[in-house]
Amino acid sequence: MANDKALTTRAEDFSAWYNELVLRAELADHSPVRGCMVIRPYGYRLWELMRDRLDTRFRETGHQNAYFPLFIPQSFLSREAEHVEGFAKEAAIVTHTRLKATADGLVPDPDSRLEEPLIVRPTSETIIYEMFSKWVQSYRDLPLLYNQWANVVRWEMRTRLFLRTTEFLWQEGHTAHATEQEAEEETLRMLGVYREFMEQWLAMPVVTGRKSESEKFAGALRTYTCEAMMQDNRALQNGTSHNLGQNFARQFDFKFASETGAEEYAWNTSWGASTRMVGGLVMTHGDDQGLVMPPRVAPIQVVVVPIFRKDEERTLVMERAREITGMLRGVRTHLDDRDNLTPGAKFYEWETKGVPFRIEIGPKDVAKQQVVLVQRVVGEGEERKKFLPESDVLSSIHRRLDEFQAFLLERARARREANSYRGVESYERFREILDGEGGFVYTGWCGSAECEAKVKEETKATIRCLPFEEFRSAQAPGTCIVCGGESVAEAVWAKAY
RNA sequence: CGGGACGUGGCGCAGCCCGGUAGCGCACCUGAAUGGGGUUCAGGGGGUCGCGGGUUCAAAUCCCGCCGUCCCGACCA
């Protein structure tokens with residue numbers, strides 16, 4: 001744990017700032033295994049709250065949870081050509097089942113070598129569609145609407161807490177449909193579920209749209225994405241939904257009898273969101289004092305800190321603090337009754353952890369039947385600290401939490417728009433933005449991978465998505481920003497995590 | 001896998017150039033006072049100096065080898 005009192009500021013080194021926030025807030029810690037993190041109770045509670053909300057939405061949209069194995073036979077992964085190419089470079093692979101003691105220490109026992117190596121799942125399409133193919137005979141068995149909460153492993157070269165860990169937690173939805181149209185509708189519906197969750201619960205506005213060919217999921221027909229902007233103006237892909245077409249169905253012989261009696265391949269979709277969202281939350285709302293939690297997912301929404309001087313004050317104040325904590329119904333509260341810390345130290349600690357509201361109660365407050373209410377962050381010109389009657393706080397806390405939630409979303413949206421560029425007139429200007437402060441740049445694009453590659457080569461920026469209608473510029477750009485050719489789609493360019 | 005930096009109590013670091021009994025801050029433990037924004041004082045515990053070898057009367061320090069971590073590139077939810 002970092003012990004220096006001053007936090008690295010966002011401007012100095014965004015990565016260091018981010019890491020420090022995560023470690024200091026005790027969301028997670030580094031583990032002995034490279035690239036894997038230990039999620040600490042506070043971080044896990046946050047994840048649980050996110051998970052519960054998503055799970056509720058999945059049920060509301062007709063999905064059921066199930067569980068599929070951690071190990072996938074190597075041959076499964078290799079059936080879909082694009083899919084294996086996408087994941088082969090980052091596979092964790094199990095080849096033996098026993099260790100043997102030798103002069104050099106423990107080594108894999110040669111006698112226990114597996115005939116076929118097992119891959120630790122990087123994603124579960126293959127094994128799930130293998131099972132689906134056994135369960136479905138006719139169109140009457142469709143659709144299959146499944147979801148699983150699981151951990152997956154991708155052996156990436158470079159890792160960062162929450163954003164790209166070797167092992168991460170996620171949910172992956174997998175569905176099978178009788179028609180292409182139904183699959184496409186499902187793909188878009190679930191993207192909408194993600195978008196709503198990110199905006200309404202994480203207060204993280206996203207630009208939604210379709211991925212370009214080079215950025216789409218390995219094996220998918222089409223990929224749709226939610227792209228958020230972080231405080232360093234880089235993009236973070238936070239949830240994706242794929243229309244897999246019949247690609248996997250063909251490889252896993254997933255067929256069904258249609259209404260007309262014809263044998264047809266099923267249409268699949270898959271969609272996922274991961275612990276990466278926790279990282280996105282930190283980078284969207286955090287400031288130099290620490291985390292800022294949107295109330296709807298805050299593990300603690302209100303912390304009560306008693307303040308007293310002498311023992312007789314202690315009894316009085318603690319009793320009142322306990323009463324008030326108990327009266328905050330339907331609010332996730334915490335009474336910080338630790339005796340070994342000064343109030344000031346507690347203030348800093350809870351601010352670091354991003355608790356939306358703090359209630360301070362001292363002897364003066366008890367006498368006046370008031371409390372001090374402090375909001376974690378406030379708008380321009382507002383007072384952070386308010387002296388309010390107890391009854392006022394008790395009756396208004398839900399409204400205040402809602403308002404704070406809305407404030408965070410609006411603040412993030414305003415920041416994103418302030419760093420978005422439309423109507424960029426020249427490639428020089430385009431490069432100037434991406435090489436400089438960065439941001440989302442909306443331009444015309446000819447659709448060629450060459451122009452995409454050229455930009456990536458020169459600026460490291462990529463097409464984050466081809467945005468849906470509502471995000472597009474009022475006046476559609478007519479030409480490709482790179483080659484000047486005719487534009488086939490508007491593209492959002494940015495450097496990404 | 002290429003380029004760079006770094007491995008010293010739990011964390012962050014100094015000491016190394018110029019070899020001579022391992023130090024600082026934070027954290028931790030005990031006691032007392034304190035308490036409206038990171039309390040103060042006093043006392044205390046804890047380290048194979050990444051690993052292996054070499055030079056030397058003597059190595060954290062010099063030499064050789066290895067291992068590991070981080071950052072930058074290629075890869076990526």
Side-chain angles (χ1 to χ4, degrees), chain A residues 1-8 13 15-16 19-20 23-24 29-35 85-91 122-123 151-172 194 198 211 214-218 223 225-228 235-242 270-280 289-290 305-311 313-314 317-318 336 338-352 358-366 368 370-374 384-385 387 456-457 460 462 464 495-497:
Chain A
M1 194 94 328
N3 286 311
D4 305 312
K5 291 196 172 176
L7 206 62
T8 310
D13 181 345
S15 299
N19 259 306
E20 219 171 316
L23 293 173
R24 274 215 214 177
D29 205 350
H30 293 284
S31 82
V33 180
R34 192 208 78 109
E85 201 185 315
F87 290 105
K89 284 171 286 183
E90 50 193 48
T123 180
N151 54 342
V152 291
V153 167
R154 297 180 189 177
W155 218 273
E156 308 282 2
M157 274 300 159
R158 201 110 127 259
T159 62
R160 194 181 297 296
L161 290 169
F162 285 113
L163 296 181
R164 190 174 300 100
T165 43
T166 299
E167 178 190 9
F168 58 96
L169 306 185
W170 77 346
Q171 62 61 219
E172 45 180 325
Y194 288 147
M198 285 166 201
K211 282 286 185 194
S214 67
E215 294 275 328
K216 74 169 194 195
F217 177 73
T223 290
T225 179
C226 295
E227 300 285 328
L236 186 72
Q237 175 179 317
N238 255 314
T240 47
S241 187
H242 318 290
S270 69
W271 25 276
S274 72
T275 37
R276 179 176 240 213
M277 288 188 295
V278 174
Q289 274 67 252
V305 179
I307 299 158
F308 46 81
R309 202 168 281 121
K310 310 177 194 71
D311 271 356
E313 282 179 0
R314 181 182 197 285
V317 168
M318 283 304 295
D336 191 347
R338 288 174 296 180
D339 258 346
N340 55 340
L341 288 179
T342 58
K346 293 178 184 178
F347 297 167
Y348 277 93
E349 180 175 333
W350 295 115
E351 270 172 23
T352 304
R358 173 176 76 236
I359 291 178
E360 304 172 11
I361 303 177
K364 287 178 251 170
D365 305 310
V366 175
K368 293 188 213 164
Q370 68 167 25
V371 298
V372 177
L373 183 73
V374 185
R384 232 162 77 81
K385 209 165 175 171
F387 295 78
K456 188 171 183 180
E457 175 77 22
K460 292 188 187 128
T462 50
R464 298 324 301 154
K495 287 182 187 168
Y497 273 99

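When reading the values below, keep in mind they use all heavy atoms of this one structure, side chains included, and skip hydrogens, waters and symmetry mates. A quick note: this is a predicted structure, and the numbers were derived from the prediction, not measured. Residue numbering restarts at 1 for every chain, and letters A, B, ... go by the order of the sequence lines.
Counting any heavy atom pair closer than 4.0 Å across all strands shown, Asp365(A) reaches a base atom. Within 4.0 Å (heavy atoms only), Thr240(A) reaches no atom of the nucleic acid at all. Nucleic acid contact for Leu163(A): base, since at least one base atom lies under 4.0 Å from a heavy atom of the residue. Asp339(A) comes within contact range of at least one nucleobase, with a heavy-atom separation under 4.0 Å. No engagement by Thr166(A) is indicated, since no non-hydrogen atom pair under 4.0 Å with the nucleic acid exists. Residue Glu360(A) is classed as a base contact, given a heavy-atom separation below 4.0 Å to a base. Residue Lys346(A) is classed as having no contact, given no heavy-atom separation below 4.0 Å to the nucleic acid. Heavy atoms of Arg358(A) sit under 4.0 angstrom from at least one base atom. Within 4.0 Å of Gly272(A), counting heavy atoms only, lies no atom of the nucleic acid at all. Using a 4.0 Å heavy-atom distance criterion, Val152(A) is classed as making no nucleic acid contact.
Between rC75(B), rU39(B), rG37(B), one nucleotide has an atom nearer to the side chain of Lys89(A) than all others, and that is rC75(B). The side chain of Glu90(A) sits closest to rC75(B) out of rG35(B), rC75(B), rG37(B). Among the nucleotides rG38(B), rU39(B), rG35(B), the one closest to any side-chain atom of Pro343(A) is rG35(B). Distances were taken from every side-chain heavy atom of Arg309(A) (C-beta onward) to each of rC75(B), rG35(B), rA77(B); the shortest belongs to rG35(B). Of the candidate nucleotides rG37(B), rG38(B), rA77(B), rG37(B) has the atom lying nearest to any side-chain atom of Phe347(A). Which of rG36(B), rA74(B), rG37(B) sits closest to the side chain of Lys460(A) comes down to rA74(B). Nearest nucleotide to the Val374(A) side chain, out of rC72(B), rG37(B), rU39(B): rG37(B). Side-chain proximity of Lys456(A) to rC75(B), rA77(B), rU39(B): nearest is rC75(B). Relative to the side chain of Arg154(A), the nucleotides rU39(B), rG37(B), rA77(B) differ in distance, and rA77(B) lies closest. For Arg384(A), the listed nucleotide lying nearest its side chain is rG37(B); candidates were rA77(B), rG37(B), rG36(B).
Comparing the P positions of rC24(B) and rC67(B) gives an interatomic distance of 36 Å, to the nearest angstrom. rA59(B) and rG53(B): their C1' atoms are spaced 13 Å apart (whole Å). Taking atom P in both rG3(B) and rA77(B), the straight-line distance is 28 Å, to the nearest Å. Spacing of C1' atoms, rG65(B) relative to rC11(B), comes out at 31 Å, to the nearest Å. Nucleotides rG7(B) and rG54(B), compared at atom P, are 24 Å apart to the nearest Å. If you take atom P in rG50(B) and the same atom in rG12(B), they sit 14 Å apart, rounded to whole Å. A distance of about 16 Å separates the P atoms of rC51(B) and rA22(B), rounded to the whole Å. One P atom belongs to rC28(B), the other to rG20(B), and the distance between them is 34 Å to the nearest Å.
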Query raised in the report: Yes or no on side-chain contact (heavy atoms from CB on, under 4.5 Å) for Ile307(A) and Ile361(A), after CA distance, side-chain angles and deciding distance?
Result: CA-CA 6 Å; Ile307(A) 299 158; Ile361(A) 303 177; over 6 Å; no
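When all heavy atoms are compared, the tightest approach of Thr123(A) to Val152(A) is N-CG1, 4.2 Å. Residues Thr166(A) and Trp155(A) approach most closely at CG2-CE3, 3.4 Å, considering heavy atoms. Heavy atoms only, all atoms of each residue included: Asp365(A) and Glu360(A) are closest at OD2-O, 3.7 Å.
With hydrogens and angles disregarded, a donor-acceptor distance shorter than 3.5 Å links the side chain of Lys211(A) to the backbone of Arg464(A). A donor-acceptor pair is defined here as one N or O able to donate and one able to accept, closer than 3.5 Å; no such pair exists between the side chain of Arg314(A) and the backbone of Phe308(A).
The distance between atom CD of Glu20(A) and atom P of rC70(B), rounded to the nearest whole Å, is 17 Å. Residue Tyr348(A) contributes atom OH, which lies 15 Å from atom P of rA27(B) at whole-angstrom precision. For Gln289(A) and rG37(B), the CD to P distance is 16 Å, given to the nearest whole Å. In this structure, Phe308(A) atom CZ and rG36(B) atom C1' are separated by 13 Å, rounded to whole Å. One interatomic measurement links the two molecules: CD of Glu457(A) to P of rG73(B), which rounds to 13 Å at whole-angstrom precision. Separating the CG atom of Leu341(A) from the P atom of rG37(B) is a distance of 15 Å, rounded to the nearest angstrom. As rounded to whole Å, 16 Å separates atom C1' of rC1(B) from atom CD of Glu156(A). Straight-line distance from the NZ atom of Lys364(A) to the C1' atom of rG35(B): 12 Å, rounded to whole Å.
Taking the side chain as every heavy atom from C-beta outward, Thr223(A) and Glu215(A) never approach each other to under 4.5 Å.
Between the side chain of Glu313(A) and the base of rG35(B) there is no donor-acceptor pair of N/O atoms closer than 3.5 Å. Contact of Arg314(A) with rG35(B) (side chain to base): no donor-acceptor pair of N or O atoms is detected under 3.5 Å.
Sequence order on RNA chain B of the closest nucleotides to Arg158(A) and Thr275(A) puts Arg158(A) first from the 5' end. Each of Lys216(A) and Arg160(A) has a nearest nucleotide on RNA chain B; the 5'-most of these lies closest to Arg160(A).
At rA77(B), none of the side-chain N or O atoms of Ser274(A) fall inside 4.0 Å of OP1 or OP2 (strictly under the cut-off).
We find that Glu313(A) and Lys364(A) are not joined by a salt bridge, their nearest charged nitrogen and carboxylate oxygen being 4.0 Å or further apart.
The side chain to side chain donor-acceptor pair (under 3.5 Å) check on Arg338(A) picks up Asp336(A), Glu349(A), with sequence neighbours excluded.
Taken together, the paired segments of RNA chain B that extend over three or more consecutive Watson-Crick or G-U pairs, each closer than 3.5 Å at both contacts, are B:1-7 with B:67-73, B:10-13 with B:23-26, B:28-33 with B:39-44, B:50-54 with B:62-66.
To the nearest 0.5 Å, atom CD of residue Gln171(A) and atom CH2 of residue Trp271(A) are 6.0 Å apart.
Arg276(A) forms no cation-pi arrangement with Phe168(A), by the criterion of a distance under 6.0 Å to the ring centre and an angle within 45° of the ring axis.
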